[in-house]
Amino acid sequence: MSEPQSEFNLSNWVTQARKGLLELCILSLLSKGDIHAYELVKRLAGMRALVVTEGTVYPLLSRLRAAGLLESRLEESSSGPARRYYGLTDKGRQSIHMMQTHWKELVKEVEILMESGQDHD
C-alpha cells in the first residue's frame, strides 16, 4: 500500500531555510563589530528574502546570548533611552568562522549539484 502524497509546500520550505540562515546572518553582521539591536533588525529587514521582524530577531539574540555566542551592553543615549549593543564573544567568533566555512562549502556543492542536474533535463 502506498503512502498518501502530500503537496509540496514552498512556503514551509522557505520558512525553514530562513530560520537556519538568520542565525548565520546575525553572527556575520556582528563579526564586523558591535551593533545596536535596532540597527541589526533594520539591516536584516533590508534583506527582502529573509523577511525579518523584531519579533523574530530579539528572541534569537537572547538565545545566542544564552548560548555564550553574544555579549551585550547598555549604552546611554542622548536622544532617548539606553541602547543595547550586541557583539560576539570568543566562542561566537569561533562559531561564525566555522559556520561561514561550512556555508561556503555547502553553497559551492549545491551549485555544482544543481548545475549537473540541469544537464539531465
Side-chain angles (χ1 to χ4, degrees):
M1 179 182 268
S2 65
E3 293 182 27
Q5 290 193 357
S6 61
E7 273 186 46
F8 172 70
N9 185 330
L10 178 62
S11 177
N12 186 55
W13 182 85
V14 169
T15 298
Q16 295 305 313
R18 285 179 181 145
K19 284 181 182 180
L21 290 173
L22 185 54
E23 190 171 300
L24 174 65
C25 291
I26 287 172
L27 294 177
S28 291
L29 283 171
L30 291 172
S31 71
K32 313 290 188 276
D34 293 1
I35 300 177
H36 173 255
Y38 183 68
E39 177 64 25
L40 186 64
V41 170
K42 282 189 347 188
R43 297 211 27 213
L44 292 167
M47 298 174 65
R48 288 187 10 240
L50 268 183
V51 188
V52 174
T53 66
E54 289 180 34
T56 306
V57 175
Y58 286 109
L60 186 51
L61 289 171
S62 293
R63 189 173 62 75
L64 292 171
R65 187 170 165 227
L69 302 179
L70 302 182
E71 56 192 5
S72 68
R73 69 181 189 286
L74 282 176
E75 283 191 16
E76 294 299 321
S77 171
S78 59
S79 61
R83 297 179 175 187
R84 183 166 301 279
Y85 285 81
Y86 289 86
L88 296 179
T89 61
D90 288 339
K91 183 178 177 181
R93 280 186 280 285
Q94 292 169 355
S95 296
I96 189 57
H97 175 72
M98 290 184 295
M99 289 169 73
Q100 287 174 339
T101 299
H102 180 73
W103 172 253
K104 290 173 186 175
E105 183 179 317
L106 180 63
V107 167
K108 184 174 146 183
E109 291 176 358
V110 169
E111 286 177 350
I112 290 169
L113 180 72
M114 290 177 9
E115 288 172 10
S116 69
Q118 291 175 0
D119 294 341
H120 301 293
D121 288 346

Are Val57 and Leu29 connected in the hydrophobic side-chain network, where two residues link if heavy atoms are under 4.5 Å apart? yes
Mind jotting down which residue pairs meet the salt bridge (charged side-chain N to carboxylate O under 4.0 Å, His left out) criterion with at least one end in residues 28-46? Sequence neighbours excluded, please. Asp34-Arg73, Glu39-Lys42
I'd like to know if Leu30 and Leu22 are part of one continuous hydrophobic network [Ile/Leu/Val/Met/Phe/Trp/Tyr, side-chain heavy atoms within less than 4.5 Å]. yes
Once rounded to the nearest 0.5 Å, what's the spacing between atom CD1 of Ile35 and atom CG of Leu61? 10.0 Å
Nearest heavy-atom contact between Phe8 and Trp13 is CZ-CB, 4.0 Å
Less than 4.5 Å apart, any side-chain heavy atom of Thr56 and any of Leu60? no
Hphob cluster co-occupancy, Leu106 + Met114, side-chain heavy atoms under 4.5 angstrom: yes
Apply side chain to side chain contact (heavy atoms under 4.5 Å, CB included) to Val51 and Val14, showing your working. CA-CA 10 Å; Val51 188; Val14 169; over 6 Å; no
Under 3.5 Å: donor-acceptor pair, side chain of Ser28, backbone of Cys25: no
Rounded to the nearest 0.5 Å, how far apart are CD1 of Ile26 and CG of Leu64? 6.0 Å
Got a second to check how far Trp103's CH2 is from Ile96's CD1, nearest 0.5 Å? 11.5 Å
I would like to know whether Lys104 and Val107 meet side chain to side chain contact (heavy atoms under 4.5 Å, CB included); could you show each step before the answer? CA-CA 5 Å; Lys104 290 173 186 175; Val107 167; 6.0 Å; no
Taking atom NE2 of His36 as the centre, report whether more than 12 heavy atoms of other residues, nucleotides or ligands fall under 6.0 Å from it. yes
So do Leu70 and Leu27 actually touch side chain to side chain, heavy atoms under 4.5 Å? yes
The side-chain hydrogen bond (donor to acceptor under 3.5 Å, both in side chains) partners of Ser95 (sequence neighbours excluded) come to none
State whether the side chain of Arg83 and the backbone N or O of Ala37 hold a donor-acceptor pair below 3.5 Å, judged by distance alone. no
How many angstroms lie between CG in Leu24 and NE2 in His102, if you round to the nearest 0.5 Å? 10.0 Å
Straight-line distance of Leu88 CG to His97 NE2, nearest 0.5 Å: 13.5 Å
Distance, nearest 0.5 Å, that separates NZ of Lys19 from CG of Leu21: 12.5 Å
Minimum heavy-atom separation for Gly68 to Thr89, with atom names? O-OG1, 2.5 Å
A quick test of your reading: do over 12 heavy atoms of other residues, nucleotides or ligands sit less than 6.0 Å from CD of Glu75? yes
Which residue pairs pass the salt bridge (charged side-chain N to carboxylate O under 4.0 Å, His left out) test when at least one of the two sits in residues 48-64, sequence neighbours left out? Glu23-Arg63
